[in-house]
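Reading through the structure tokens given below for one structure.
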Amino acid sequence: MGDLINIFIKSAFIENLALAYFLGMCSYLAVSKTVKTAFGLGLAVIFVLGITMPINWVINTWLLGENGVFQTDLTFLRFILFIAVIASMVQLVEMVVEKYSPSLYNSLGIFLPLITVNCAILGGSLFMVSKEYNFSEAVAFGLGGGFGWFLAIIAIAAIREKIKYSDVPAPMRGLGMAFLLTGMMGMAFMGLMGIDPAAF
Amino acid sequence: MAETAVIEKKEAIKFGKKERKLLTDPLDDNNPITVQVLGICSALAVTTGMKNAMVMAVAVVFVCTFANVITSALRKAIPKQVRMIVQLVIIATLVTVVELTLKAYAFESYKQLSVFIGLIITNCIVMGRLEAFAMANRPYESALDGLGNGVGYGIILLMVAFIRELFGKGELFGYKLIGAAPEYMVNTLDSKWFGWYQGNNLMVLFPSAMFVIAVLIWVHRAWNPKLVDVS
């Protein structure tokens, strides 16, 4: 159990998907104008990461591995199968959100389908493969990674809401500032990289 | 290019003003990275060196163009509910083709880029163009749109890589230009041309890509004021 908590904390803070690896930047920058929409997208990312990670683990181990059902190395199909799982999960989330929270659905707009191409989701699955996690570790990694991404997008949305009142040079307004802020937040998070997670 | 318009039996394929706009719009007014904010992740990851950025740019141009053409050709056969999965399978297939080609003919680049080649699938620019353009237009226009967006993306990628590699390591395409003298030149007359510049390690790290792109956005918007964010 302690191992799982370690992995959760490590993937949420030290190896933050958004600020240490800069994955999922497109939706991170585009949907972080207000805290409200950022909150919705962050929750959707936690949900999709938490679901797809175990499914992709099962597919990778039991279907594609040499000891799987087919007894052959099918890893060249990994990209296609992973992305198909992710795309179908996102479509599921889209349908659920549309039914139960139309206002959130409208405010997320085109960016809900774009969760599919959120590198954090596919990147998370590929990291899970390269780190050779077992099933429960993969679940912890997925939830932790999603939580870290959620925190990062809320933080930048809060900063961007405040910085609207500052006197920024016109060409730098909006997007330019968002890039600068993300760079600085990334530098701050690099400071966490040396921490030993076993200390927690 | 306008003079080389192909006039065949089908007058559909021509290269006029509208087509030229499709091709040049993504280079400036509608640039994938600085205006549409799509495809940032790989722009950050592969821009530590010009060589990787070049391979990546070519790969994205290829994937973007052909994914647009294929999706556009199939657009009437794709049901709306499963369109994302179909589009992603098309992209993933093309990316697998790129990956295997690189593995066979450019193994060095393949080893350096392998993870990021996979992440072309999740490069939002490809998917974004499929959703926004190819699902509603004919294959020929879609091909031009994909080509334009791929090139617009590649140009920014090369600019960022140029700044980061030159100031980070003092190299371009792996050749030493400024900074400490390369080993084979130490204690020769030529070594006096080197050594006055100390490589900036921050430029090699991820956050610097953010700063460089921020500055590029600033320059771009100062030069083209109609892009300024009014909100």
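Just so it is clear: chains get the letters A, B, ... in the order the sequence lines come, proteins before strands, and each one is counted from 1. Being a predicted model, the structure only gives us computed values, none of them experimental.
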Which region of A:I80, side chain (C-beta onward) or backbone (N, CA, C, O), has a non-hydrogen atom less than 4.5 Å from a non-hydrogen atom of chain B, or is it both or neither?
both
Does B:F211, at its CZ atom, have more than 12 non-hydrogen atoms belonging to other residues, nucleotides or ligands within less than 6.0 Å?
yes
Can you establish whether the number of heavy atoms outside A:F189 located under 6.0 Å from its atom CZ is more than 12?
yes
Measuring from A:L180:CG to B:I213:CD1, what's the distance to the nearest 0.5 Å?
11.0 Å
Determine whether more than 12 heavy atoms belonging to other residues, nucleotides or ligands lie under 6.0 Å from atom CZ of B:F162.
no
Within this structure, what is the CZ-CG distance for the pair A:F82 and B:L88, rounded to the nearest 0.5 Å?
14.5 Å
Residue selection (most heavy-atom pairs with chain B, distance under 4.5 Å) from A:M185, A:M95, A:M25:
A:M25
Distance, nearest 0.5 Å, that separates CE of A:M177 from CH2 of B:W218:
9.0 Å
Testing the basics here: between A:G176 and B:A214, what is the closest heavy-atom pair and its distance to 0.1 Å?
O-CB, 3.8 Å
In sequence, state the C-alpha distance, the side-chain angles, and the governing distance for A:L181 and B:M210, and then conclude on side-chain contact (heavy atoms from CB on, under 4.5 Å).
CA-CA 9 Å; A:L181 290 171; B:M210 281 292 181; over 6 Å; no
Note: A:G183 and B:P207 closest approach over all heavy atoms is O-CB, 3.5 Å
